[in-house]
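Worksheet: the structure to be examined is printed underneath.
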2 protein chains.
Amino acid sequence: MSEPRANLPRPAPAPSVSIAAVARHANVSVATVSRVLNGQQVVKPATRDAVMAAVQTLGYRVNEMARNLRTAESRLLLVLVPDVGNPFYAEIMRGIDSVARQHGYLVVLCDTGADVEREHTWFDLLRRRRADGAICLDPDTVQHALAHDNAHLAWVACAEFDPAMAVPYVGIDNRLAARDAVQHLLERGHRRIGLINTDETWLYARQRKQGWHDALTEAGITPRADWCINTHSLDYAAGNAAMTQLLALAAPPTAVFAVSDTLAIGALAGARSLGKRIPHDVAVVGFDDIALAAQTDPPLTTVAQPMRQLGETAVQLLLDLLADRGRPPAHVLLPHRLALRASA
Amino acid sequence: MSEPRANLPRPAPAPSVSIAAVARHANVSVATVSRVLNGQQVVKPATRDAVMAAVQTLGYRVNEMARNLRTAESRLLLVLVPDVGNPFYAEIMRGIDSVARQHGYLVVLCDTGADVEREHTWFDLLRRRRADGAICLDPDTVQHALAHDNAHLAWVACAEFDPAMAVPYVGIDNRLAARDAVQHLLERGHRRIGLINTDETWLYARQRKQGWHDALTEAGITPRADWCINTHSLDYAAGNAAMTQLLALAAPPTAVFAVSDTLAIGALAGARSLGKRIPHDVAVVGFDDIALAAQTDPPLTTVAQPMRQLGETAVQLLLDLLADRGRPPAHVLLPHRLALRASA
DNA sequence: TAGTCGAATGTAAACGATTACATTTTTGTA
DNA sequence: TACAAAAATGTAATCGTTTACATTCGACTA
C-alpha cells in the first residue's frame, strides 16, 4: 500500500550469518567486528565503515543467545502475577514493560494463581539462568514461603510487600489509604459502612481492613463483624455476591468500601439487581482506579494507586539490585489519591 | 507456616555449578551427565543414580543459555498485541500461555500499538535469535506490510487474518458472526440498527461491517451511512462517544451493534447518560464476550468468540510450523456463538 | 634514521552445554 | 576361554559471541 519497494535490493534471506562471516567479508578479525557492533571508540572510521558495509550486505544480526551465554545474562525479567486478567496488574505491567525495554530487557508475564508451588517453578527459571530477575506481586504469605530458598536470587516485591522482609519493594501505604477512603464516607454522613475485603492471605487486605477499622473507631463507631465480607477472588462476580450479602442484613450498610475496583464494580451490579440506587441507597468506594472505574454507572469513587509508576519503580529497583547485589534492599512508598466521582 | 524445614540439609547456595563440576563429583564424563539429564536410556542405573546424587548435593541446575546456544533455539515465543489492556487479548493470552508452557516455551507479551515500526523492531528479535516464533494479532494491514520482509521467519496470525496471506492462521468467520448478531436484532423487531465499528485498517472491522450490511439488506433495509460510526480506539470512552453521536440523529437507531464488548459497554454508559433505558429505548449487542459482559447493567448480549481456544490453537500452529518449516500454512476457523443476555 | 609510544587490530581462550565418534566395558556364544 | 557384538562411557568439536592479551602499524621525536 504505502510505497512500492519491489526494486529495492534486499539482503538475501541469509539463514545464518555469523560474526566470522562478517569478519571475512570485511577483511578484519572477529574482534574488530565485535568492537564495531558494541560501539567501542578504538576502531578507525575506515574499518568501521567497512564492517558496517559487510553487516549490511550480509544482513547480519547478532545472535543474542551466544552473546548472552558469554556475558552471563539472559536479559529477561519475570513478572509474577497472581491473576493476569485483573486490570490492576495489567496497568502495572505496562509500567514494567516500558522501563524494562528501555534498558534492553524483555519481560515474561507469569501467572502464578498465588500458588506457592507454581511460584517455585517460576523461580527455578532464575536458577537455570533463563531469567535475570523477578518482580513479585503475590501475597506476602507466598513471598515469605519463597524468601527462604531464594534469598540469593534477584527479586523485588511490588504493590504487595512486607516491610519486615529483606527484599526491595515499592508500594503504597495501604492502611492510610483505606482510612482516607472510609473517612470520606464518614464525612458524607454515613455511619454504617461495610467492607468488601478479599482473602486475608494478602497483607494489603489486612492493612486495608485496619484502615477501615481505624477510621470507624476514630469516629466513635464500633465496627461490626457482619459488616465485613471476605471474598475468595477479586472478580466482578465476587463483588456482586458480597454486596448482595451485605444488603440482606437487618440493618444494611448505607455505604460500602471495597478493597478493589473489580469488587466495587461487581458490587454496583449487585446493588442494582436488588433495585438499589447508587449513591442514594448505598454509596460505594473502590480501590485502585482502573480505567473502567470512570465508565461505570455511576462513575466510581475510588482510591487511585499510581499503578504505572509502581511498575516503573519496581523495574528500577530490580535493575539496581542486579547492578550491585551487595547493597541493602531499597524501599519506596508512593503516594495515593482519592478520585472523587459519583458513586459516593 | 506449613511445615518446619529448618533442619532439612539444603544444598549450599552454590552460585555457579557447571555440568563439569557434576561430572567430576560423580566420577563420570560430562557426556554422561548430559545424557542422564536429558533422560537418555543408554545410561546404566548405577551411574544414573551417582549423577543424580551429585546433582542433588551440588544443587546443579542446567544453564539454559548454554543449552539454547548449542541447540539453536531460544524457547521463547512472542505475542504481538495491539493493546495489552484490552480484556479480549488478555483471555487469548491465557490460552497461548498455557499451551506454550506445556511445551516448554516462555511467552513474551509485546505491545505494538498496531504500529508497523514497532512491529518491525519486535520481529527483529526473531532475527537475533532472541525468540523462536511469533503470534501476531495486529491489523491485517500491518501484517501485510510485515509479510514481505519476514517471510522466512516463523509466525502465525491469530483472530485477525487475511486468508489470502501465506501465513498459518486461526480465527472465526467475522462476517457471518456479525450477520448473526444483527439478525438477532431484526428478529426482535428492530429496523433502524446502528453500527459502532472501529478503525477499518482492521480486516475484521470491514468483515463485520459487511455482516451488518448483509443482514440489513437481506431484510429489505437500506443501511444508512450515518448509522455507522468508526471509532479510533476500542476503549470504553470511544464507545460512549459513538453512542452519544448515534442518539443525536434525527431518527436515532433503536438498536446498536458494536464490534467489540469494550465499545458496547462504553455505549451502554453513553446511552444511560442521555437518560435512555436499555434495552427499552435502545438495544445493544456487543462482540467477544469478555468476562465483564455478564456484569454490566443490563448484562450484555454479545457474540462469543472462543478466545482461549484461539490462543491455544495459535500456539499449536506455530509449534507445527517450527517443527516443519516446509509444510503449507494451516488455516483454522473456530465457531462463534450468540450469548443472549438482557441488553437486546 | 632509529627508537618510542599510542592507536588499531589480531589471536585465542573462555562461556556451558550437546553430540558425533572413539573407546572401553560388559554380555553372550561357541 | 576367547571372541564378537552390544552396551556404556569418554573425548573433543561445536554453537557464536566477548575480551584479555599479544601484536602490528604509524606518527613523532631526537
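Convention: sequence-line order gives letters A, B, ...; per-chain numbering from 1. All values below come from the heavy atoms of this structure, side chains included, with hydrogens, waters and symmetry mates left out. Everything numeric in this text was worked out from a predicted model, so none of it was measured.
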task = Between protein and nucleotides 15-20 of chain C, map the contacts as a letter string: B base, S sugar-phosphate only, - none, heavy atoms under 4.0 Å, written 5' to 3'.
result = BBBBB-
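Taking atom NZ of residue B/Lys44 and atom P of nucleotide C/dT24, one finds them 16 Å apart after rounding to whole Å. Look at CG on A/Asn27: it is 13 Å from C1' on C/dG10, rounded to the nearest Å. For the pair A/Arg24 CZ and C/dT11 C1', the computed distance is 16 Å after rounding to whole Å.
Atoms CE and CD, on B/Met165 and B/Gln143 in that order, are 4.5 Å from each other to the nearest 0.5 Å. Here OG1 of B/Thr47 is found 6.0 Å from NZ of B/Lys44. Values are rounded to the nearest 0.5 Å.
Judged as a salt bridge (charged side-chain N to carboxylate O under 4.0 Å, His left out), the pairs with a partner in residues 75-86 of chain A (not counting sequence neighbours) are, in order, A/Glu73-A/Arg75, A/Asp83-B/Arg94.
Every stem involving DNA chain D, taken as at least 3 paired positions in a row under the Watson-Crick or G-U wobble test at 3.5 Å, is listed here: C:1-30 with D:1-30.
Ring orientation note: the planes of A/Tyr169 and A/Phe161 are close to parallel, at an angle under 30° on the 30°/60° scale.
Between the side chains of A/Asn68 and A/Arg129, no donor N or O sits under 3.5 Å from an acceptor N or O.
Annotation: side-chain contact (heavy atoms from CB on, under 4.5 Å) contacts of B/Leu37 (sequence neighbours excluded): B/Val33, B/Val55, B/Tyr60. With sequence neighbours left out, A/Gln316 forms a side-chain contact (heavy atoms from CB on, under 4.5 Å) with A/Val99, A/His103, A/Asp320.
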Residues 23-31 of chain B side chain polar contacts: donor-acceptor under 3.5 Å, at least two apart:
{"from": "B/Ser29", "atom 1": "OG", "to": "B/Ala31", "atom 2": "N", "distance (Å)": "3.4"}
{"from": "B/Ser29", "atom 1": "OG", "to": "B/Thr32", "atom 2": "N", "distance (Å)": "3.4"}
{"from": "B/Ser29", "atom 1": "OG", "to": "B/Thr32", "atom 2": "OG1", "distance (Å)": "3.4"}

